[in-house]
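Structure first, then comments.
All ligand and atom numbering here is 1-based and tracks the order in the structure. Sequential numbering from 1 along the given sequence is applied to the chain's residues.
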Amino acid sequence: MSTETKCNPDLVRERAKCTFDVNELINLFYGSEKATKERRHFEDAVLAVKELKDAIPEEYLSHKERYENGVRKATILRDVYRDYKAKHNRDPPPNQITKAVIKDISPFLLHNGMFVPTIAGQGTPEQQAEWLPKAESMQIIGTYAQTELGHGSFIRGLETIATYDPKTEEFVLNNPTLTSFKWWPGGLGSTVNHCVVVAQLYINGKSHGIHPFIAQIRDLDTHKPLPGVKVGEIGPKMGFQTANNGFLGFDNFRIPRKNMLMKNAQVLKDGTFVKGINEKLTYGTMVMVRVGIVGDCSFYAALAATIAVRYSAVRHQSHIKASEPEAQILDYLTQQHKLFIAVASSHVYRNAYLWMEKMYTNVMKELSQDKQDNLPELHATACCLKAVCSRDAGSLVEECRLACGGHGYMASSNLPLTYGVTIAAVTYEGERTVLLLQTARYLMKAWMAALKGKVLSPSVSYLLNSLKESKKPWQNTPEGIVKGFQHVSFGKVKAAYETIQKYMKQGKDYEDAWNLASVQLVKASEAHSRAILCEVSWEAVCSSSASPNLSRVLQQLAQLYLTYWTLETSGDLLLYSNITKDDLIILRDKYEELLVAIRPNAVGLVDGFDLRDEILNSTLGSYDGRVYERLMEEALKSPLNQETVNSSFHKYLKPMMEKAKL
Ligand SMILES: CCCCCCCCCCCCCCCCCCCCC/C=C/C(=O)SCCNC(=O)CCNC(=O)[C@H](O)C(C)(C)COP(=O)(O)OP(=O)(O)OC[C@H]1O[C@@H](n2cnc3c(N)ncnc32)[C@H](O)[C@@H]1OP(=O)(O)O
Ligand SMILES: Cc1cc2nc3c(=O)[nH]c(=O)nc-3n(C[C@H](O)[C@H](O)[C@H](O)COP(=O)(O)OP(=O)(O)OC[C@H]3O[C@@H](n4cnc5c(N)ncnc54)[C@H](O)[C@@H]3O)c2cc1C
């Protein structure tokens, strides 16, 4: 980080006001002092590589140049990772340095994020031994090709076909229609030579559902598509410009039998199909990534909050009191209302991610012992938390951008690009509504079990308690608010269930009744997510090992989250809990008190995310607060400023002006 000496004086004053030790917060957020040290050390190593620095901002490059620059840097970054591993005999610590290097999304994201994990999670030990060393060492580069032009959400409807030919012991891959073409996989456009293809398996004319296959699609030397493969890039998008998303179609393309990933289901040489213990295990990589996305949401909220809070401390505009100098915009309560929820939410998502990571690890361990009891709970929880956190994080990033006024609209603030990347997670890895409806299925089953007095899984056991406690008075404490959100979820789950019953009594079948109740079902899932987020984050701060000074501030943040959402969803609480109008007025006052209490620590809190300037990549958010200097420095990099008179003057403007004289 830069030294205090060159800092904007407002930021120096803000840091002097902080009531807790920022380093303690950093170490707590990232796990330990050792973890912080190792992460910073790795980030230093990456940033020391001169070739990773961009000569001009990415925005001035063409689509093609941006991609090529992305690949160039991704390969150098890959070398740094390899060297670190060789030297330390372990992978680099979790970090976000790719953001400082690639700026947008790495063309290798899908290789590392889904291709390798799918081989590890869906391959037999023999298949892992064959593919993993090559993939991990980047001898081969892959992606995860599931979504098609015609189907993304409904993966049982995928149209790519893998027909087993027992004579040659091969699968024949085909994309018989335009809608069956793979569409979206990252890196597919021009980067990868392999992919996991998810396709419908046919043996002797009989369908056996979708399964993952490994296909080599490009020649390893020439990188030309292999015969029978049609592949390309899908073009510019709202974000993800360097992710290199692509399309792919096969025409009678043959792969050996061993290329079907067979940890779960198998096809024997003679074409006998051996079913796995649970066909949904084929969806395993998606569950893992959905858990990871909750962690990503914490990062994006932290990044946007850091930029917007630091900028708001430096920016002065108008007066709170006519007699005083122009105020820091951070002193306006409305600004605090826009920004502190982003700081608080980043902590909430982080705690939810750590909680989900534990659940994921436990279930994976159980699955390795053929125990599947907790898989439905993992799936349902990962679905709704991914859906709610990604949408909330997108809104928070956008609110931070708006809170920076006109300068937030500059690409150099890095807020527009961050919004494009964050909001993509609402759609990828399972579209929001579709995932919330998956959770709703689970909630309906849990509700039916609750009605029968059965024991429920931990994440939904509050449904039983709420059933018993519905008459208890509201308590204006964090624990009381957590219970309130559980009551809302309980009420919405019950109402959705009763709506389905109502339609069925009117003669509708279950599927139609489900569709007619689905707005309520989605809202029930959202309420369930909010109840989990509130409970998990409040428990995390209460059980944290932080010093009293830090603990006080973390509790304020968690209470801010609880109170913010109480006020945002007060209608639901009035409908489904015993909260009163008077309680809401007390909480409204409490919310304002929390904003005021957090205000002196705002800059300290975002410093506590420890996101260095290169990761923030923002004219508005740097540690030293030299906002105006950076805005001008960046503007001067525009190619239009590299010449005093642009040729368009002579070509168009001057002739126009001269014509106007005639
Ligand atoms: C050392 C320990 C480490 C621990 C680490 C843990 C944490 C890991 C963190 C790692 C972080 C990694 C992050 C890296 C990020 C990098 C990658 C970023 C990628 C970005 C690019 C994007 C890629 C993509 O988008 S890939 C394509 C994604 N596509 C989708 O998500 C499609 C969505 N659709 C579906 O999933 C299905 O179609 C679905 C579920 C909607 C419906 O499926 P269905 O077959 O029709 O099922 P249905 O009839 O509705 O339900 C039947 C039954 O099955 C249950 N079910 C469904 N899915 C699952 C599942 N996945 N698991 C378990 N059970 C499932 C469902 O609940 C039903 O049950 P019942 O109600 O009981 O019948
Ligand atoms: C940036 C980005 C990167 C991606 N990377 C990859 C990748 O690497 N590999 C890959 O395979 N895929 C990838 N995808 C594809 C992604 O997984 C799909 O776009 C996603 O799963 C949504 O599917 P869809 O596009 O078919 O949406 P649709 O399902 O067509 O959604 C359109 C609308 O229909 C609604 N809808 C659909 N079904 C239902 C239902 N049952 N009930 C109620 N409403 C419904 C949705 O809610 C939504 O409003 C990527 C997508 C993006 C945006």
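Of the listed options Lys445, Arg156, His151, Arg156 places a heavy atom closest to atom 49 (O) of ligand 1. Nearest to atom 35 (C) of ligand 1 by heavy-atom distance, out of Gly284, Pro117, Ser153, Ala425, is Ser153. Evaluated by nearest non-hydrogen atom to atom 8 (O) of ligand 2, the leading choice among Ala424, Gly150, Gly186 is Gly186. For atom 13 (C) of ligand 1, the nearest non-hydrogen atom from the set Gly157, Gly292, Gly209 comes from Gly292. Comparing Thr361, Thr143, Leu375, Val363 by heavy-atom distance to atom 2 (C) of ligand 1, the nearest is Thr361. Among Arg290, His379, Lys365, Gln146, the residue whose heavy atom sits closest to atom 31 (O) of ligand 1 is Arg290. For atom 9 (C) of ligand 1, the nearest non-hydrogen atom from the set Tyr353, Tyr442, Phe154, Tyr283 belongs to Tyr353.
A heavy-atom separation below 4.0 Å is found between Leu110 and ligand 1. Assignment of Gly152 to the shell around ligand 1 is supported, since a heavy atom sits closer than 4.0 Å.
Residue, atom and distance of the protein heavy atom nearest to atom 47 (O) of ligand 1 are Lys280 NZ, 3.6 Å. Atom 7 (C) of ligand 1 has Val291 CG1, 3.8 Å as its closest protein atom, hydrogens excluded (heavy atom only). Summary of contacts: the protein heavy atom closest to atom 8 (C) of ligand 1 is Met288 CG, 3.6 Å.
The shortest N or O to N or O distance between Val434 and ligand 2 is not under 3.5 Å. Geometrically, ligand 2 and Thr143 share no nitrogen or oxygen pair separated by less than 3.5 Å. Looking at Gly152 next to ligand 2, an N or O pair under 3.5 Å apart turns up. Ligand 2 has an N or O atom lying under 3.5 Å from an N or O atom of Ser153, backbone or side chain. Among the atoms of Tyr428, none of the N or O lies under 3.5 angstrom from an N or O of ligand 2. Between His151 and ligand 2, a contact under 3.5 Å exists for no N or O pair. Between Glu357 and ligand 1, a contact under 3.5 Å exists for no N or O pair.
Within ligand 1, the atoms closer than 4.0 Å to a non-hydrogen atom of Gly430 are 30 (C), 31 (O), 33 (C), numbered from 1 in the order shown.
Ion pairing between a basic and an acidic side chain is recognised when a charged N comes within 4.0 Å of a carboxylate O; Arg39 and Glu43 show such pairing. One finds a salt bridge joining Arg90 and Glu38 here, because a Lys/Arg side-chain nitrogen approaches an Asp/Glu carboxylate oxygen to under 4.0 Å. Checked for salt-bridge contact, Arg401 and Glu398 meet the test: a charged N lies under 4.0 Å from a carboxylate O.
Around NZ of Lys371, the count of heavy atoms belonging to other residues, nucleotides or ligands within 6.0 Å exceeds 12. The neighbour count for Lys280 NZ, taken as heavy atoms of other residues, nucleotides or ligands under 6.0 Å away, is above 12.
Checked against a 6.0 Å centroid threshold, the rings of Tyr164 and Tyr202 do not count as neighbours.
Annotation: side chain of Phe247 is not in contact with side chain of Leu188 (no heavy-atom distance under 4.5 Å). With a 4.5 Å cut-off on side-chain heavy atoms, Gln96 and Leu303 do not count as touching.
With a 4.0 Å heavy-atom cut-off, ligand 2 is reached by no atom of Lys182.
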Note to self: Under the criterion ring-ring contact (aromatic ring centres under 6.0 Å, His included), I'd like the reasoning laid out for Phe213 against Phe171: C-alpha separation, chi angles, the key distance, then a yes or no.
What the structure shows: CA-CA 9 Å; Phe213 301 84; Phe171 294 102; 4.9 Å; yes
